[in-house]
Amino acid sequence: MIIFVEILRAIASVLLIISAGFYLRHLEKSKRQRKLVSLELIMYFTIQFAFILFAISFIIAVFS
């Protein structure tokens with residue numbers, strides 16, 4: 001049962017990363033066409049910051 005929960009958590013993490021990437025790409029396209037509203041700008045920086053934190057945690061997990 002614990003393995004099943006771990007697999008579900010890994011799948012959810014992958015789906016969240018993929019969807020955040022697509023939304024970040026959408027925001028970048030919107031940013032080129034027009035100015036982003038405040039909520040979009042906050043999401044733009046939050047997703048970038050989350051990707052940086054994910055990359056750092058992934059590197060630490062791999063090398064430790």
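Nothing here was measured: the structure is a model prediction, and the numbers come from that model.
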Can we say E40 and K35 salt-bridge, meaning some charged N sits less than 4.0 Å from an Asp/Glu carboxylate O? no
Does atom CG (L8) have a neighbourhood of more than 12 heavy atoms from anything else shown, all under 6.0 Å? yes
Could you list the donor-acceptor pairs under 3.5 angstrom formed by side chains in residues 41-52, with sequence neighbours left out?
unit_1, atom_1, unit_2, atom_2, d
Y44, OH, Q48, NE2, 3.3
T46, OG1, I42, O, 2.6

Would you compute the distance between atom NZ of K31 and atom CG of L24 and round it to the nearest 0.5 angstrom? 9.5 Å
Could you tell me the separation between the CZ atom of F58 and the CD1 atom of I17, rounded to the nearest 0.5 Å? 9.0 Å
Hey, are R25 and E28 close enough for a salt bridge, meaning a charged N less than 4.0 Å from a carboxylate O? no
Give a yes or no on whether R34 atom CZ has more than 12 heavy-atom contacts from other residues, nucleotides or ligands under 6.0 Å away. yes
Between the main-chain N or O of S30 and the side-chain N or O of Q33, is there a donor-acceptor pair closer than 3.5 Å? no
